[in-house]
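Worksheet: the structure to be examined is printed underneath.
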Amino acid sequence: MDTPLLEVRDLVQEFVVRDYGGVKGGVVHAVSGVSFDVWPGETLGIVGETGSGKSTLARSVLQAPRPKEGTVTFRGADLVSLRGSRLLQARRHLQMVFQDPFSSLDPKWKVRDLVAEPLIAYRGVDRAARRHRVDQVLELVGLDPAAHGDRRSRELSGGQAQRVAIARALAIEPAMIICDEPVSSLDVLIQAQVLNLFERLRAELGLSYLFIAHDLALVKQVSDRVAVMYLGKLCEVGPGEEVYRQPLHPYTRALLDSVPGSTTALATKIIRGEPPSPVHPPSGCRFRTRCPRAEQRCADEEPVMRELAAGHSVACHFPLVPAADSPARSEEKIGETPR
């Protein structure tokens, strides 16, 4: 296939609020002009600290709620323009796995009914075929239908509950699954098991993933490409190994240096303070108020995403590895941060 499975262009999501973190009234700029592609069989990881807009981006792709601006094209269909049954049918091949399986699964329903729910919603499957499909996907995610099918979600462990959530997402044979922090509520051993399950399903079923997390080491493990998000905008996109080996954006460098066990100690030099309010984001580069490399240009002019290496793009006036068309900067020459 020569075209992306999912194409997102200039996506904008905003919310009008009366109060946000002590700021009275205004518009929350949750997602601001985000563009990216996901190719068939690919996993695109999206990372960023809490409040960067990752989950809002995922829900906007699913049209829940619809974005204020931009386009979301999935398998050739523009989801933003579709309504009713046409949107329902276009979205059946785009499913989601949420962070907390116990919140996304009805505690009163049996596992078999939870997994069968999307099959009923999309109709066209009789009871016998539905039961066969439920057993099939439960076995696919490593759960014995006879042992777990009649249990309720509250009777399961965290790992088992998340496997049920994955089975439900797989029931109608999606082409892509959006994973919103799917293992953050699980202990480390169960995390590894669920991640291995995702990888096995991708190999066996040819799935694509949009994998959202704040844990960079985890995202590196499962992603072909990584997109770094800060305060509603993408600041760097590139191959996973390349982004981790040679980050171009100061924010990406700071995230890597903040990982426990990092061999460098640059985080305190690169990033400081709390993220600005999305109600009143900074002018120009949104990271400039926390970036010691910032100069007046960063306040006056918003950086555009540009490719500095094969498949590796960054939105920064002064990237960590200067390109031929970028002003050279020494990491030791730190200017005053424009406010």
Side-chain angles (χ1 to χ4, degrees), residues 10-15 20-23 26-36 46-54 56-57 69-70 214 216 226-238 243-244 246-259 262 264-309 312-339:
D10 303 316
L11 198 71
V12 174
Q13 186 62 277
E14 299 173 345
F15 305 99
Y20 187 90
V23 178
V27 177
V28 176
H29 302 273
V31 179
S32 303
V34 169
S35 300
F36 62 87
I46 298 184
V47 298
E49 60 193 309
T50 300
S52 59
K54 305 183 301 296
T56 302
L57 173 62
E69 298 178 20
H214 62 269
L216 280 83
V226 173
V228 182
M229 195 168 184
Y230 180 80
L231 204 63
K233 284 185 170 290
L234 293 185
C235 56
E236 183 168 357
V237 181
V243 169
Y244 282 78
Q246 182 58 72
L248 300 178
H249 200 283
Y251 178 61
T252 309
R253 176 76 271 172
L255 289 179
L256 290 169
D257 293 335
S258 299
V259 174
S262 172
T264 60
L266 296 176
T268 55
K269 299 178 184 178
I270 296 293
I271 189 170
R272 56 178 177 268
E274 297 294 324
S277 169
V279 176
H280 301 294
S283 63
C285 175
R286 293 192 176 183
F287 185 60
R288 67 175 177 80
T289 59
R290 303 173 73 192
C291 178
R293 296 174 63 84
E295 294 188 354
Q296 189 58 44
R297 180 186 178 189
C298 303
D300 297 339
E301 179 184 344
E302 181 179 340
V304 297
M305 189 71 73
R306 55 200 173 113
E307 188 175 72
L308 298 190
H312 196 171
S313 302
V314 65
C316 181
H317 295 306
F318 306 108
L320 296 177
V321 179
D325 61 342
S326 302
R329 284 289 303 269
S330 168
E331 293 215 33
E332 288 72 33
K333 182 182 178 183
I334 304 297
E336 291 296 321
T337 303
R339 300 291 176 185

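Numbers here are sequence positions counted from 1. None of these values were measured; they are calculated from a predicted model.
- Minimum heavy-atom separation, Ala227 to Val237: CB-CG2, 3.9 Å.
- The salt bridge (charged side-chain N to carboxylate O under 4.0 Å, His left out) test applied to Glu69 returns no partner, not counting sequence neighbours.
- Taking NE2 from His29 and NZ from Lys233, the interatomic distance works out to 10.5 Å, rounded to the nearest 0.5 Å.
- Of all the heavy atoms in Val31 and Gly53, the pair that sits closest is CG2-O, 3.9 Å.
- Atom CG of Leu57 is separated from atom CG of Leu234 by 7.0 Å, given to the nearest 0.5 angstrom.
- Evaluation of the side chain to side chain contact (heavy atoms under 4.5 Å, CB included) rule for Lys54 yields Ile46, Ser52, Glu181, Ile212, Met229 as partners, not counting sequence neighbours.
- Side-chain contact check for Cys298 versus Phe318: some heavy-atom pair is nearer than 4.5 Å.
- With sequence neighbours left out, the side-chain hydrogen bond (donor to acceptor under 3.5 Å, both in side chains) criterion links Glu236 to Thr252, His312.
- Leu248 has its side chain out of reach of Leu320: every pair of non-hydrogen atoms, C-beta onward, lies at least 4.5 Å apart.
- In this structure, OG1 on Thr56 lies 12.0 Å from CD on Glu14, to the nearest 0.5 angstrom.
- Of all heavy-atom pairs spanning Leu255 and Gly48, the tightest one is CD1-CA, 4.4 Å.
- Under a 3.5 Å cut-off, the side chain of Arg288 and the backbone N or O of Gln296 do not form any donor-acceptor pair.
- Partners of Gln246 according to the side-chain hydrogen bond (donor to acceptor under 3.5 Å, both in side chains) rule, which considers only residues two or more places apart in sequence or in another chain, do not exist here.
- Between His249 and Phe287, the ring centre distance stays below 6.0 Å.
- Between the His317 side chain and the Cys285 main chain, no donor and acceptor come within less than 3.5 Å of each other.
- Nearest heavy-atom pair, Pro319 versus Leu308, reported as atom, atom and distance to 0.1 Å: CG-CD1, 3.7 Å.
- Closest of all the heavy-atom pairs between Cys316 and Pro303 is N-CB, 3.7 Å.
- Residues Asp10 and Ser35 share a closest heavy-atom pair of N-OG, 2.8 Å.
- Residues forming a side-chain hydrogen bond (donor to acceptor under 3.5 Å, both in side chains) with Ser32 (at least two apart in sequence, or on another chain): Arg286.
- The side chain to side chain contact (heavy atoms under 4.5 Å, CB included) check on Glu307 picks up Ser313, with sequence neighbours excluded.
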